[in-house]
Amino acid sequence: MNILEKNIQALASGTNEPLALKLSNFLKDSQCVRFSLDKKLNIFDFKNQVFMYSDVEQEITYFQKAILEKTLRYPFVCIYGIGNALLVKNLISSYKHIFIFESEIELFILALSVIDLSEELRSGKVYLIDTNEEKINIQLSILFDQNDMFEHLSLYEMFINCSYYEKYFIDEIKKIDYIINDNINLVIRNLDPECKLSLNCYDNFIQNIPLMLKSIPFQRIIQERKNQFENCIVVCAGPSLEKQIPLLKKYQENFVIFCADGAFSLLYKNDIIPDYVLNVDFEEHPMEFFRDIDKEKLKNTLISLAVSTHFKVASYLKSNFSTFLFLNYNIPYQYNIRMNDFGYLEAGTHVGHACYTLALALGFKNIIIIGQDLAYSEKGNSHFSDFALGKDADIALNIPSLKTLAYGEEGEVLTHLTWDDYRKKLEILFANNAQANFYNATEGGARIAFTKELSFKECCLKFANQKKKILEISKVLTSNRSDKLLKKVIEILKKDLNIINQALEDAKILKDALEKILMSEKKLHLEFLLNIDKNIEKFNFFLEQSFIFNDGLLRGIFLKRGFAFSEIITQRIQEEEKNLQLMIKAYKDWLVLLIEKLNIRKNILQKIF
């Protein structure tokens with residue numbers, strides 16, 4: 001096997017299968033015509049009639065030194081341009097990860113033909129990123145959200161392989177730099193640095209476990225209802241929804257209807273009864289959506305709730321309607337209670353997302369979307385006029401606004417940061433589920449990639465080919481079975497509580513010790529500081545091997561740890577003693593925050609015992 005084959009095979013092993021396929025297809029059908037590689041590993045660009053390097057060895061040494069000087073103690077580095085891959089090979093020992101961005105398929109081919117990176121590609125130490133990849137946002141969001149990456153995202157800076165790229169690829173460099181920053185900001189926003197949202201959701205989760213165990217098991221619904229019908233409509237609460245109501249009412253018997261809770265009151269007022277109503281909100285305000293409802297009219301409707309839904313909302317809906325609470329497989333602490341009968345569904349961060357994943361779980365092939373504007377209307381409204389919380393509910397939130405591509409790619413519309421994040425997450429969801437067709441019939445708002453834009457009328461005419469069946473409501477577990485499962489969950493959570501108590505004890509001891517050391521007036525020698533650093537690393541290892549780091553709940557705290565360390569790293573302090581002292585102080589301050597959040601988690605957890 002030659003070097004190129006080894007490298008492509010390493011890419012295909014999991015680190016970048018799409019690029020491996022693209023390289024393989026290129027080799028079958030094409031050959032390098034724009035670039036060539038000589039015996040000195042210099043690359044000639046026939047289009048611009050220049051060599052990439054003025055002097056291969058000299059230029060690589062210069063850029064290697066420049067990058068290393070600017071990234072002292074950095075855990076990763078991003079470089080535009082693979083070049084002849086010698087720079088990449090020389091830098092491998094200096095970083096945990098190296099990300100290489102390149103737009104030219106021929107340059108990938110030439111570099112991977114002469115430099116063996118197979119071991120590093122297979123292990124994920126080196127990532128090659130094709131900047132022309134259609135799903136690059138998905139790829140970057142996954143890469144930057146890795147456990148050994150997300151803490152250090154504030155260190156991001158784009159370096160270049162050599163002067164050639166800066167001269168001939170500056171537009172591509174600026175474009176990918178924007179995309180990277182966009183994805184980094186999305187990851188950071190999702191991590192909830194104060195953990196306020198995640199702890200509120202955890203509080204609801206703990207209180208809702210007994211309710212969940214007495215509701216309809218999610219897997220029973222899947223078993224009884226999957227693949228019963230192909231066509232469905234997902235109804236969201238955007239300002240465009242009102243214009244779709246007449247058609248929805250006319251064709252409601254021909255489609256299974258998934259309804260976001262905020263849209264429910266408008267449907268109900270117009271005698272449209274959805275088959276599923278979903279809620280994933282950790283706050284109490286969705287109670288307003290269910291005022292003055294005739295329970296008999298909803299006898300065939302299922303209310304679907306995330307287990308992190310506000311406890312009062314979940315209790316009310318469970319008491320009055322046929323309800324199931326589901327676990328989210330993307331939230332490890334929910335997965336870890338091992339109640340498989342009640343999971344798993346990806347709820348995302350907004351109710352529309354949960355509607356789509358439930359439709360996918362039930363096997364729908366054609367998913368029609370209405371009311372998913374993700375943008376303000378021309379009149380500046382965030383929702384339809386009769387929305388229970390006010391047609392301008394989002395305006396009061398003061399979320400930073402921005403413009404994005406409009407539905408139909410006709411100009412731009414005004415959106416806000418949270419909606420824009422929702423849209424990006426939906427695009428990842430739709431791109432990863434090609435087994436279904438997503439028809440965006442919103443006819444307004446923002447364009448959503450990986451959907452087919454079709455008017456609602458055309459969708460109805462195309463897919464309203466049969467009447468839907470009325471399905472029986474699935475049964476709940478017996479009280480005896482539910483009680484046994486609750487005992488099992490409590491045993492699991494008791495073990496969690498023991499680990500939290502151990503972490504709290506160790507964190508307090510370490511914090512007190514660090515405080516005493518830092519308050520000492522004695523000179524702290526390097527050997528002593530290195531021993532302290534080893535003790536910190538032991539505690540970090542304990543945290544990172546436990547659920548405390550890995551179950552997602554306090555992930556934002558670890559982001560703050562990374563921010564604190566990154567601020568010191570960017571100072572590029574040469575003296576090891578000074579660097580370690582600053583790191584130790586930052587860690588001591590971080591322990592105060594960790595102890596605070598662990599205590600909150602402990603108090604929440606104890607509610608179930």
Side-chain angles (χ1 to χ4, degrees), residues 1-28 30 32 35 37 41 43 52 56 60 63-64 67-68 71 74-150 152-153 155-162 165 169 172-173 176 179-180 183-184 187 432:
M1 185 183 297
N2 63 34
I3 292 174
L4 180 59
E5 288 172 338
K6 283 178 68 178
N7 284 325
I8 292 176
Q9 191 176 86
L11 282 169
S13 68
T15 56
N16 196 334
E17 192 174 352
L19 180 57
L21 183 61
K22 188 173 183 178
L23 294 174
S24 296
N25 289 338
F26 179 89
L27 291 170
K28 288 178 187 176
S30 310
C32 294
F35 300 98
L37 185 72
L41 299 188
I43 294 169
M52 181 173 286
V56 174
I60 287 173
F63 277 91
Q64 179 183 339
I67 291 171
L68 287 171
T71 58
Y74 277 44
F76 76 96
V77 67
C78 293
I79 300 172
Y80 190 92
I82 193 169
N84 59 14
L86 278 175
L87 177 65
V88 183
K89 194 72 174 177
N90 292 350
L91 290 173
I92 281 170
S93 62
S94 301
Y95 306 95
K96 288 183 180 178
H97 294 298
I98 299 178
F99 298 91
I100 304 298
F101 298 84
E102 177 62 71
S103 63
E104 298 297 323
I105 191 74
E106 289 188 22
L107 292 178
F108 276 129
I109 293 288
L110 293 176
L112 296 177
S113 298
V114 292
I115 303 296
D116 186 354
L117 296 173
S118 57
E119 185 179 336
E120 292 81 10
L121 291 171
R122 190 172 285 107
S123 68
K125 190 175 182 68
V126 173
Y127 288 97
L128 302 183
I129 296 142
D130 172 18
T131 61
N132 293 315
E133 167 60 46
E134 182 186 22
K135 297 180 181 179
I136 190 168
N137 285 308
I138 300 174
Q139 187 179 23
L140 292 177
S141 65
I142 292 170
L143 292 177
F144 293 152
D145 202 35
Q146 295 177 106
N147 276 350
D148 59 351
M149 270 299 299
F150 73 87
H152 306 289
L153 292 175
L155 293 173
Y156 164 71
E157 182 179 351
M158 180 63 80
F159 297 92
I160 57 168
N161 185 294
C162 59
Y165 281 101
F169 288 85
E172 286 86 349
I173 294 171
I176 193 62
I179 292 171
I180 292 167
N183 278 279
I184 285 173
V187 170
N432 286 337

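Position 1 is the first residue of the sequence; numbering continues from there.
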Checklist entry - Salt bridge check: are Asp130 and Lys22 linked by an N-O gap of less than 4.0 Å? => result yes
Side chain of [X], backbone of [Y]: donor and acceptor closer than 3.5 Å?
| X | Y | answer |
| --- | --- | --- |
| Asn7 | Leu112 | yes |
| Gln146 | Asp148 | no |
| Lys89 | Asp116 | yes |

Checklist entry - Rounded to the nearest 0.5 Å, how far apart are CE of Met158 and CD1 of Ile180? => result 3.5 Å
Quick check: do [X] and [Y] have side-chain heavy atoms less than 4.5 Å from each other?
| X | Y | result |
| --- | --- | --- |
| Lys125 | Tyr95 | no |
| Pro18 | Glu133 | yes |
| Leu107 | Tyr165 | yes |

Item to check | Sole candidate of Ile82, Leu4, Ile8 that passes side chain to side chain contact (heavy atoms under 4.5 Å, CB included) when paired with Phe108 | outcome: Ile82
Next on the checklist: Quick check on side chain to side chain contact (heavy atoms under 4.5 Å, CB included): which of Leu121, Leu11, Ile129 does Leu19 satisfy it with?
Outcome noted: Leu11
Next on the checklist: Before you tell me yes or no, could you show the steps for Ser94 and Tyr74 under side-chain hydrogen bond (donor to acceptor under 3.5 Å, both in side chains), namely the whole-Å CA-CA distance, both residues' side-chain angles and the distance that decides it to 0.1 Å?
Outcome noted: CA-CA 8 Å; Ser94 301; Tyr74 277 44; over 6 Å; no
Checklist entry - Are Phe144 and Phe99 near enough that their ring centres are under 6.0 Å apart? => result yes
Next on the checklist: For a quick test of reading the model, state the closest non-hydrogen atom pair linking Cys32 to Ile109 and the distance between them.
Outcome noted: SG-CG2, 4.0 Å
Checklist entry - If you look at every heavy atom in Gln139 and Leu128, which pair is closest and at what distance? => result NE2-O, 4.1 Å
